Amino acid sequence: MSWGDVGAGALRAAFPLALWGVVAATQAAWRRDGRFLASARMTAIATLALVTVASLAMVGALVSHDFSLHYVAENNARETPTYFSAISLWAALEGSILLWTTILAGAVVYVAWRGTRELPRLATTALALLFAMLSFFLLLVVTPAADPFVRLDAVPLNGRGPNPLLQDHWLMGLHPPLLYLGYVLFSIPFAYAMASLILGEGGDRWMVATRRSALVAWALLGIGIVAGGWWSYNVLGWGGYWAWDPVENAAIMPWLAATAYLHSVMVEEKRRMLRTWNLALVIGTFALTILGTFLTRSGVVNSVHSFSQSAIGPLLLGYLAAVLALSVGLLLWRSARLADSGPVAPISREAVFLFQNVLFVAVTLTVLLGTLYPLAVEALSGDQVSIGSPYFDRVAVPLGLALLFLMGVGPQLPWHGASRATLERQFAAPVVTSGALALVALVVGVRGTAAVLAFALAGFVCATVAQELARGIRARGTLHGESATTAFANLFKRSGRRYGGYVVHVGVAVIALAIAMSQAQAVQAEATLGPGGTMEVAGRTVVFEGLRDVVEPRRTQVVADLRVIDGGGSAPLVAALSYYPNATGAIGSPGIRSSATEDVYAILAAYDGRSRAWATIQIRIIPLVSWLWIGGAIVGIGALIAALPAARARERLVAATVPAGAGAE
Amino acid sequence: MALLPSDEVVTVVPAPSRGAQLVRLAVIVTLTGLVAVLALGFRRDPQDIRTGTVGQAAPAFDLERLDQPGRLRLADMAGKVVVVNFFASWCIPCKQEAPALVRAWERYRNSDVIFVGIVYQDSPDAAIAFHERMGQTWPIGFDDPGRTALRFGVFGIPETYFIGKNGVIEGRHIGAIDEATLIRAIDTLRDKQ
Amino acid sequence: MRPRVAIALGTAALAVSIAVTALPRAEPQEDRVERISTELRCPVCQGLSVADSPSDMAREMRGLVRQRVAEGRTDDEIRAEFRQAYGDWILLSPPLLDARGAVWAIPPLAVIAGGVLVARRLRREAAAPVMVTPAQHAAIERRVLEEALAE
C-alpha cells in the first residue's frame with residue numbers, strides 16, 4: 001500500500017465521521033443525552049487520528065520522494081533535503097489545508113474532552129459547530145478542490161521541487177504552522193460564542209471558558225507574524241521585514257482584532273459591559289482568519305505569498321459568506337438580550353480600553369480597506385490602482401503611536417475612575433522617563449518625529465510596567481510578608497494574567513522601538529567593485545574579496561565574499577544569489593551580521609556574468625532590528641506567563657484566613 | 001438515558017433599543033459589499049495589468065544597433081506599422097515566443113511592417129547570440145540602461161508593443177505572444193489609416 | 001520632587017524634543033530620491049516599492065529618479081513621468097486630492113466616529129460621600145492592596 005492510498009483512505013474515512021460528529025454533538029446538546037456526547041467524543045478522537053495519519057502519510061510521501069502523487073511531484077525533488085521535504089507539507093495549497101484540518105481536528109478533541117466537562121451544554125453545542133467546520137475542511141481535501149493525494153498516471157523521474165523561496169531558510173518550518181495554529185485556535189472562542197448565542201445565553205460564560213484558547217491563539221499568531229518578518233528579512237533580500245503585502249495584511253488583521261478583543265473582555269468581566277461588542281470582535285476575528293486564507297489561496301490578489309490559484313477560491317468565499325451570514329444574523333437576532341449600559345468614568349481604565357478598542361478597530365479597518373481597495377476600484381471602474389506601504393505607514397504610524405500611549409496609560413488607571421492626586425502620583429515617573437528618553441533619542445541622532453515619539457512612548461510604557469511591578473511587590477510584602485524577590489516571582493506565578501500581560505507590553509514597546517529605529521535610521525550605500533575594492537558605509541569599510549560559484553544538487557549559487565572592517569576588528573560576510581531550476585529569476589541570500597545595536601545587511605545586487613570581474617554590492621546598516629525578534633520572544637514569554645494556570649484560588653483561601661486588618665498599616 | 005447536567009443561566013430580556021435598526025442595516029450592507037467585492041475579484045487576473053502607454057504616442061528611441069553597426073531610431077520608421085519586442089537571452093518565455101515572432105516576421109517582412117527587438121537588461125553578446133540562435137533577422141537595439149523600457153511602461157519581458165502608422169501605440173501584449181495574436185494585431189493596424 | 005513638577009518637566013522635555021524634530025531641515029538629494037522611490041511601485045516585483053526592491057528594473061528606476069532630481073525637477077513632475085508610462089498603478093498611494101483619495105479619509109473618520117460613540121458613554125460615576133470608621137478604613141486599605149494584585 002502506498003503513502004497515497006493510506007492518506008486518501010484516511011481522509012475519506014474521516015469525512016463521514018466528522019459529519020456524524022455534527023449529528024452526535026447536536027443530539028447531545030439538544031436532548032442532553034450523554035450517550036451521544038460519548039459518541040461525539042470517540043468520533044473526535046477517531047477523526048483526529050485519521051487526519052493525523054493522512055498528514056504523516058503526506059510527510060512520508062514527501063520525504064521518500066514519492067512522485068506518483070501530484071502534490072509531491074509539484075513540490076518536491078530528489079535533491080530536496082529531508083527537512084525541506086518534510087516541511088513541504090505546507091509548501092502549497094493542498095498540504096496547507098491538510099495541516100489546517102489536522103489542527104482543527106485537534107481543537108475538536110480539546111473541546112470534546114476538556115470543554116464539555118466544564119460546561120456540558122455550551123461546550124457540546126460549540127462542539128457541533130466545530131465538527132461542522134471540520135467537515136467543511138475535510139470536504140475540501142476529499143474533493144478536487146484541495147485533494148492532496150491526487151495521483152499521476154505517468155510518474156515523473158523527478159519532481160519540480162518546492163518553491164525556491166520556501167526552501168531557503170529553516171524559519172519556513174516555523175512561520176506557517178504558527179500562523180495556522182493561531183488561525184485555527186480562534187475557532188474555539190468563536191464556536192463558544194456562537195453556541196452561547198444559539199442557546200440564548202446573555203452571560204459571558206463562553207468568554208471566560210475560552211479565555212485561554214483566545215490568548216494562546218493570539219500569541220501564536222503574533223509570534224508567527226514576527227517569525228514571518230524574520231523569514232522575509234533573511235530570505236527576500238531587500239533589508240525589510242514587512243511590506244504590507246496583501247497576505248501579510250491578512251495575517252495581521254485577525255491579530256489586531258484579537259488584541260482589541262483580549263482587552264475588551266476585561267471590561268466585560270469587570271463591568272459587565274460590551275457584551276455585543278465582544279461577540280462582534282470574536283466574529284470579526286474569526287471571519288478575518290477565513291478572509292486571510294481566502295486572500296492567500298484564491299489568487300485574487302497579487303502577492304509574494306499567493307503561490308496558488310485553484311477552484312478553492314469560490315468555496316472559501318462561500319464559507320466566509322455563510323459564516324458571516326449565520327454569525328452576524330445570530331448576533332443581531334439575540335442582541336436585545338445582550339444590551340448593556342452603565343456609565344464610564346472619563347479617566348478610568350475602562351475608558352482607556354474603550355478608546356484602545358476604537359483605535360485597534362480603526363487600524364484593522366484601514367488594513368482591510370487598503371488591501372481590498374484596489375479590488376473594489378477595479379471592480380467598479382476597471383481602473384488599476386495600487387495601495388502600498390506609503391499609505392499604510394502614513395495611517396498606521398500615528399494610530400500605532402496613540403496605541404502605545406494608551407498602553408502605558410491603561411494599567412496605571414484604576415477601574416471606575418481616578419482622582420487627580422492619584423493621576424499625578426501614578427504618572428510622574430513615566431512622564432519623566434519618556435521626556436528623558438526623547439532627549440536621549442535627539443542626542444543619539446534620531447531626527448524623525450515618529451521615531452522620537454516611539455522612543456519616548458516605549459520608555460513611558462516600560463516605566464509604567466516597572467512601577468506596577470514595584471507596586472505589586474510592595475503589596476505582596478504588606479499582605480503576605482514576602483521578601484522582594486519572592487514577591488516578584490509570586491506576582492508572575494499567582495497573578496500571571498496581569499503581570500504576564502505587562503511582560504507582553506514590554507515586548508510590544510521593544511518591537512515599536514525596533515521598528516521606529518530600523519525604519520527611520522537605516523543607512524545604505526551601493527557600489528560596483530572589482531576584487532579587493534572597498535566601500536565606506538557609516539564609518540565601516542566593506543571589502544569585496546571576490547566571487548565564487550557554488551554548485552549544489554538542488555541549486556547553483558554565485559557567492560560574494562565580503563569583509564566588514566570597523567572599530568572592533570574585521571569579520572567575513574557572505575552575500576549570494578541562488579538559482580533554482582524551477583525559478584526564472586535569482587533568489588537573493590543576503591549576508592547579515594547582527595549585533596545588539598545594528599545589523600550589517602549585504603546584498604549581492606548584480607555581478608559580471610562572464611568573467612566574475614565585478615559585483616554590485618549594496619550594504620544597509622539597520623539599527624536595532626534584532627530587537628524586533630527579541631521583542632517577539634518577549635511577547636511570547638509574556639503570553640505564556642499569562643496563559644499558565646495560576647495558583648490563585650488556593651491563595652484566596654489562605655488570605656481569607658489571615659485575621660482582618662493584619663497586613664494593613 | 002443519561003442526562004447531561006444542565007448549565008443554563010436565566011437571562012432577562014430587556015426591550016430592544018431604538019437606532020438598532022440603522023446599525024443592523026449598516027452592518028448588513030457593509031458585509032454584503034465586502035463579499036461582493038471579493039467575488040468580483042475572481043473576474044480579475046492579477047497578472048493582467050492594463051494601464052500603460054496604449055493610446056499614447058510611442059516614446060522616441062535612438063539606440064545602438066547590435067545586429068549590425070548603426071543606430072536604431074523610431075523616427076526612421078514613421079508611416080510604418082512597427083512591432084517592438086522587448087526581450088533578453090535569460091528570459092524563458094522569450095525563447096517560447098521566438099518561433100511565433102519569426103513566422104510572423106517572414107509573413108510581413110516585405111511589406112510596410114517593421115519588427116524591432118529591444119534588448120532588456122542583458123549583455124550585448126548574449127543578446128546577439130540569442131537573436132541568431134532563434135533565427136531572428138530583424139534589427140535589434142541595445143537599451144542601456146533600460147530607459148526605453150521604462151518610457152514604454154514595460155512590466156516584465158517578454159513584452160510586445162504595436163505602433164500604428166501614426167506613431168501611436170495601439171496595443172501591447174505582456175508575456176509570450178503567439179502567431180495568431182501577432183497577425184491579428186498587425187492586420188488591424190495595416191488596415192487602419 | 002513633587003509629582004506635579006516632575007510631570008511638568010517631563011512634558012516640557014518631550015515637547016522640546018518634538019519641536020526640534022519638527023524644525024524644517026534641508027532634504028539632501030539622496031533622501032529625496034529615496035522618498036520618491038518609496039512611493040513608486042516596482043513593476044517586476046510583487047508589491048514592493050522601487051526603493052525596497054533589489055531588482056534590476058527598480059535600480060534603473062531609482063537611477064532615473066536620481067537623474068531627474070539632479071536636473072531639478074519637482075516631485076510632481078517626476079511622479080507624472082512614471083504615471084504617464086505606467087498609469088496610476090505605479091503610485092503606491094493614491095494622491096490625496098483625487099477622486100480616489102477617499103481612501104485617505106476612511107481611517108480618520110473611523111477614529112472620529114468611534115471616539116464620538118465612546119465619548120457619549122463617558123460620565124462620571126455617581127459617588128456618594130460616606131463616613132468611614134477606622135476599622136472600615138483598614139479593610140478598605142486591604143482591598144486596595146488586593147486589587148493591586150487582582151487580574
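Just so you know, these numbers come straight off a predicted model, no measurement behind them. All chains are named by letter (A, B, ...) in the order of the sequence lines, taking the proteins before the strands, and each is independently numbered beginning at 1.
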- Honestly, the part of B/V35 sitting under 4.5 Å from a heavy atom of chain A is both

- With a 4.5 angstrom heavy-atom cut-off, could you sort out which part of A/L332 is near chain B: side chain, backbone, both or neither? both

- Query: In Å and rounded to the nearest 0.5 Å, what is the CG to CG distance from B/L34 to A/L317?
  - Reply: 8.5 Å

- In terms of heavy-atom contacts, does CH2 of A/W30 have more than 12 from other residues, nucleotides or ligands at under 6.0 Å? no

- Message: Nearest 0.5 angstrom please: B/T30 OG1 to A/L365 CG, how far?
- Response: 9.5 Å

- Task: Enter the distance from B/L40:CG to A/L375:CG here, rounded to the nearest 0.5 Å.
- Result: 9.0 Å

- B/R147 atom CZ: more than 12 heavy-atom contacts under 6.0 Å: yes

- Message: Side chains of A/L380 and B/V37, heavy atoms from C-beta outward: is any pair under 4.5 Å?
- Response: no

- Rounded to the nearest 0.5 Å, what's the gap from CD1 on B/I28 to CG on A/L324? Could you check? 11.5 Å

- Message: Is B/A126 in contact with chain A via its backbone, its side chain, both, or neither, using a 4.5 Å heavy-atom distance?
- Response: neither

- For A/R114, does the CZ atom sit with more than 12 other heavy atoms under 6.0 Å from it, leaving out its own atoms? no

- Message: At a 4.5 Å cut-off on heavy atoms, which part of A/L331 comes close to chain B: side chain, backbone, both, or neither?
- Response: neither

